[in-house]
Amino acid sequence: MTTRNYWLMKSEPDAYGIDQLKQEGSTLWDGIRNYQARNFMRSMVVGDRAFFYHSNCKPPGIVGLMEVTETRIIDPTQFDAKAKYYDPNSKQDKPRWDCVQLRYLGCFNELLSLEKLRDRYSAEELPVVRKGNRLSILPVPKSTATNLLQWLGPLN
DNA sequence: GCCAACGTTGGC
DNA sequence: GCCAACGTTGGC
């Protein structure tokens, strides 16, 4: 019995999409500036899996799968005055924001749209389908994750 | 482009 | 500590 947890992580494909991750192999999930999302990242452990979700596009939905390879990494962009995600209130000796390193595991055969996700799952089963949900990092209950993986089929 | 659903900021 | 104003996310 594994204790692996599952997550859903959003990114706008125009900013950073699954194709880019596929090319790079792995990425630092930096720039998170929401405490709830950060706290979810803090509760991740190495080996956890995350569904890659394309947001703010047509259609939005799940496109691939990632693995957490490193946790609690201090987000370097918070100290970079030129960075978009610079946080002048974060101090070097007490960083406010951290992130995780993720490895590309694969793409699914087709995008699983939010519309289809809503048809199959309730907000309790899959929090991302809750109306108005803006959190960019969300948990996926294990039973839903298992069901999703079966539905999505093999990775490419 | 519209707007619902928040999270954040700052005056008091 | 309250809350109005404002900003952001992201579906539609």
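Naming convention: chains lettered A, B, ... in sequence-line order (proteins, then strands); numbering from 1 in each chain.
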TODO: Please list, chain by chain and in numerical order, all residues satisfying salt bridge (Lys or Arg N to Asp or Glu O under 4.0 Å) with A/R96, sequence neighbours excluded.
DONE: A/D87
- [ ] Indicate whether the side chain of A/E24 and that of A/Y16 have a donor and an acceptor atom separated by less than 3.5 Å.
- [x] yes
Open item on the list: Applying a 4.0 Å non-hydrogen cut-off, can you work out what A/K58 is touching in the nucleic acid: base, sugar-phosphate, or nothing?
Closed with: nothing
For residues 130-138 of chain A, which side-chain donor-acceptor pairs fall under 3.5 Å, sequence neighbours excluded?
from, atom 1, to, atom 2, distance (Å)
A/N133, OD1, A/L135, N, 3.0
A/N133, ND2, A/P127, O, 3.3

Task: Proximity to DNA chain C (any heavy atom under 4.0 Å), residues of residues 108-117 of chain A only - done: A/L114
Open item on the list: Whether A/K131 contacts C/dG11 is assessed here as follows: a side-chain N or O lying under 4.0 Å from the phosphate OP1 or OP2. Is that the case?
Closed with: no
Open item on the list: With no hydrogens and no angle check, just 3.5 Å: does a side-chain donor-acceptor pair link A/S90 and A/Q78?
Closed with: yes
Task: Value in whole Å for how far the C1' atom of C/dG11 lies from CG of A/L8 - done: 15 Å
TODO: For residues A/A145 and A/Y6, report the shortest heavy-atom separation together with the two atoms involved.
DONE: CB-CG, 3.3 Å
Task: Nucleotide C/dT9, atom C1' - distance to NE2 of A/H54 in whole Å - done: 17 Å
TODO: For A/R118, answer base if it contacts any base atom (sugar-phosphate contacts may also be present), sugar-phosphate if it contacts only those atoms, and nothing otherwise; contact means non-hydrogen atoms under 4.0 Å.
DONE: sugar-phosphate
- [ ] With sequence neighbours excluded, tell me which residues meet side-chain contact (heavy atoms from CB on, under 4.5 Å) with A/I73.
- [x] A/L28, A/E70, A/C99, A/Q101
TODO: Name all residues meeting the salt bridge (Lys or Arg N to Asp or Glu O under 4.0 Å) criterion together with A/R38; count only those two or more places apart in sequence or in a different chain, and write none if there are none.
DONE: none
- [ ] Can you tell me the distance, in whole Å, between the CD atom of A/E12 and the P atom of C/dT9?
- [x] 7 Å
Open item on the list: Side chains of A/N147 and A/Y121: any donor to acceptor distance under 3.5 Å?
Closed with: yes
Extract from the structure each pairing of a protein N or O with an N or O of nucleotides 1-8 of chain C at less than 3.5 Å, listing the distance.
from, atom 1, to, atom 2, distance (Å)
C/dT8, O2, A/R134, NH1, 2.5

